[in-house]
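Here the structure is laid out as structure tokens; the discussion comes afterwards.
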Amino acid sequence: MKFHKKLITWYLQNKRSMPWRETTDPYRIWLSEIMLQQTRVAQGLPYYLSFTKTFPTVFDLANAKEDEVLKLWQGLGYYSRARNLHATAKYVAHELGGVFPDNYKDLLKLKGVGDYTASAIASICYNEVVPVVDGNVYRVLSRYFGVKTPINSTAGIKEFKELAVTLIDHKDPANYNQAIMEFGALQCKPKKPYCIVCPINEGCEALKTGKVDELPVKLKKQKIKKRYFNYLVFSINNNKTIIQQRTGNGIWKGLYEFPLIEDEKLSIETIKTNSIFKNLLVNKDFEIVPYYEEPLVHKLSHQHLYTRFYIIKLPEVSEINGVQKTVDFQEVHKYPVPILLGNFIDEFFK
DNA sequence: AATACGGGGTT
DNA sequence: AACCCAGTATT
């Protein structure tokens with residue numbers, strides 16, 4: 001039996017039930033694919049449900065405010081996905097009359113849609129014969145064919161894509177693509193894959209040569225950067241605080257946060273001399289009290305954020321700069337924030 | 001060709 | 001602590 005036939009047979013017997021597998025509506029497939037980029041099914045699933053409920057059509061998503069989209073995306077991470085999602089929804093709704101592109105080449109032009117996602121939508125929705133190459137596919141192919149080229153090198157990306165093109169089932173590209181991904185997720189797992197009961201173990205080069213746990217090969221991990229965030233949580237008249245939106249191109253772009261003093265370290269002294277207090281025009285005497293005994297360490301895949309929340313009680317604030325806004329305690333939870341702040345807000349403003 | 005971009009699960 | 005996840009955009 002052919003490679004693709006074995007995978008599809010395995011898939012039809014073992015596939016998990018998922019809501020986006022009940023449709024070929026390109027809006028819903030697109031939504032699910034964007035959400036699942038670098039994201040586990042279990043983590044993305046509740047977001048898919050809330051998005052399809054809140055925004056049943058691409059027009060509903062297009063007509064939403066960006067803050068509303070980001071709020072619903074809160075906690076999923078990689079927030080540029082949400083901003084690109086919204087931009088693409090507006091483009092499809094307003095420029096394309098609500099009709100998604102129906103082929104790989106045109107799908108690829110959409111913001112937030114790269115090679116993988118364009119292939120996934122084109123194959124699942126339109127049966128176009130274009131192979132997906134995601135993390136699962138890299139693993140399955142590198143093991144089965146014993147390919148040692150690093151999967152995150154330019155040569156590797158090209159080589160695996162070319163290999164994938166030769167393997168895809170021309171009769172059923174939709175099920176083939178989902179089959180090899182599901183197979184990688186459930187059977188040919190990163191650690192302790194089920195080689196004994198594997199339906200394609202006979203032809204597997206890695207199993208034959210005892211190199212299953214050495215494949216795929218991946219180039220060096222980036223080193224983790226440490227950063228120090230001092231957040232100023234104002235309590236004005238015990239009912240208002242100050243927030244601001246993150247602009248610029250770094251982490252959490254578009255989300256809101258308390259006034260932030262990033263420093264080489266966490267220190268209450270450097271805070272007191274910060275310029276924000278000049279803008280507040282307050283009486284000089286106020287206390288700055290750390291909320292937690294110890295700093296929080298928020299661990300992201302590429303940086304560790306050593307974070308401190310400082311509570312600053314003020315009677316009244318005459319003036320703040322244009323970027324910052326005062327909001328009622330009850331309103332704080334309505335803004336999209338990083339999960340790090342979301343957890344604090346749930347506790348402090350409850 | 002490298003790097004940045006989140007948060008959470010698994011080992 | 002290291003690795004990975006239905007990757008993409010930017011540098």
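Lettering of chains follows the sequences in order, A, B, ..., and the numbering in each one begins at 1.
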The complete set of side chain to side chain donor-acceptor pair (under 3.5 Å) pairs with one or both residues in residues 298-308 of chain A, sequence neighbours excluded, reads A:R227-A:Q303
Could you give the distance separating C:dA6 and B:dT11 at their P atoms, to the nearest angstrom?
13 Å
Please figure out whether A:Q178 or A:I224 has its closest DNA chain C nucleotide nearer the 5' end.
A:I224
Mind checking if A:G250 touches a base, just sugar-phosphate, or nothing, with heavy atoms under 4.0 Å?
sugar-phosphate
Do A:L107 and A:T117 touch side chain to side chain, with heavy atoms closer than 4.5 Å?
no
Take atom CZ of A:R16 and atom P of C:dA6, then tell me their distance rounded to the nearest Å.
7 Å
Would you mind telling me which residue lines up with the more 5' stretch of DNA chain B, A:S153 or A:I251, judged by nearest nucleotide?
A:S153
Given B:dA4, is OP1 or OP2 found less than 4.0 Å from the side-chain N or O atoms of A:W252?
no
A:Q37 has an atom CD; how far is it from atom C1' of C:dC4, in whole Å?
16 Å
If you go through the side-chain atoms of A:T117, does one of them form a donor-acceptor pair with the base of C:dG7 closer than 3.5 Å?
no
Just to confirm, is there a sub-4.0 Å distance from OP1 or OP2 of C:dA2 to any side-chain nitrogen or oxygen of A:K299?
no
What about A:Q43, does its side chain sit under 3.5 Å from the base of B:dG7 through a donor-acceptor pair?
yes
How would you label the contact of A:W73 with the nucleic acid (heavy atoms, under 4.0 Å): base, sugar-phosphate, or nothing?
nothing
Looking at every strand, decide which applies to A:G184 at a 4.0 Å heavy-atom threshold: base, sugar-phosphate, or nothing.
nothing
Between the side-chain atoms of A:R40 and the base atoms of C:dC4, is any donor-acceptor pair under 3.5 Å?
yes
Residue A:S301, side-chain heavy atoms: nucleotide from B:dG6, B:dT11, C:dG7 that is nearest:
B:dG6
Euclidean distance for C1', C:dC4 against B:dC5 (whole angstrom)
16 Å
Are A:Q38 and C:dG7 close enough that a side-chain N or O sits under 4.0 Å from OP1 or OP2?
yes
Charged N-O contact under 4.0 Å between A:E68 and A:K334:
no
Distance-only donor-acceptor test, A:T39 side-chain atoms vs C:dG7 base atoms, 3.5 Å
no
A:K192/A:D213 ion pair, N-O < 4.0 Å:
no
Taking atom P of B:dA4 as reference, at what distance in whole Å does atom CZ of A:R246 sit?
15 Å
When you measure only distances, ignoring hydrogens and angles, does the side chain of A:Y78 come within 3.5 Å of the base of B:dG6 through a donor and an acceptor?
yes
How far apart are the closest heavy atoms of A:R21 and A:Y11, and which atoms are they?
NE-OH, 3.1 Å
Of A:K191 and A:L305, the one whose closest nucleotide on DNA chain B sits nearer the 5' end is A:L305
Nearest to the side chain of A:K225, heavy atoms from C-beta on, is which of B:dG6, C:dG7, B:dA4?
B:dA4
d(NE2, A:H304; P, B:dG7) in whole Å
13 Å
Donor/acceptor link under 3.5 angstrom from A:R21 side chain onto base of C:dA6:
yes
Calculate the interatomic distance between A:Q303 atom CD and B:dA4 atom P; express it in whole Å.
9 Å
Would you classify A:D115 as touching base, sugar-phosphate or nothing, given that sugar-phosphate means primed atoms plus P, OP1 and OP2, and contacts are heavy atoms under 4.0 Å?
sugar-phosphate
d(CH2, A:W30; P, C:dT8) in whole Å:
14 Å
Rounded interatomic separation in angstrom, taking NZ from A:K218 and C1' from C:dA2
11 Å
Using a cut-off of 4.0 Å on non-hydrogen atoms, how would the nucleic acid contact of A:L76 be classed: base, sugar-phosphate, or nothing?
base
Are there any protein N/O atoms within less than 3.5 Å of an N/O atom in nucleotides 9-11 of chain C, and if so, which ones and at what distance?
{"from": "C:dA9", "atom 1": "OP1", "to": "A:G112", "atom 2": "N", "distance (Å)": "2.4"}

In whole angstroms, the gap separating C1' of C:dG7 from CE of A:M181 amounts to 12 Å
Should the pair A:R16-A:E182 be classified as a salt bridge under the 4.0 Å nitrogen-to-oxygen rule?
yes
Ring centroids only, cut at 6.0 angstrom: are A:Y310 and A:F258 within range, meaning strictly under it?
no
At under 4.0 Å, does any side-chain N or O of A:H302 touch on OP1 or OP2 of B:dT3?
no
For A:R143, is there an ion pair with A:E205 - N to carboxylate O distance below 4.0 angstrom?
no
What's the closest nucleotide to the side chain of A:Y116 if the choices are B:dG8, C:dT8, B:dC5?
C:dT8
Distance, P atom - from B:dG6 to C:dT11, rounded to whole angstrom:
14 Å
Of all heavy-atom pairs between A:Q74 and A:P336, which one has the smallest distance, and what is that distance?
OE1-CA, 3.5 Å
For A:F100, which residues count as a ring pair (Phe, Tyr, Trp, His ring centres under 6.0 Å) partner, sequence neighbours excluded?
A:W30
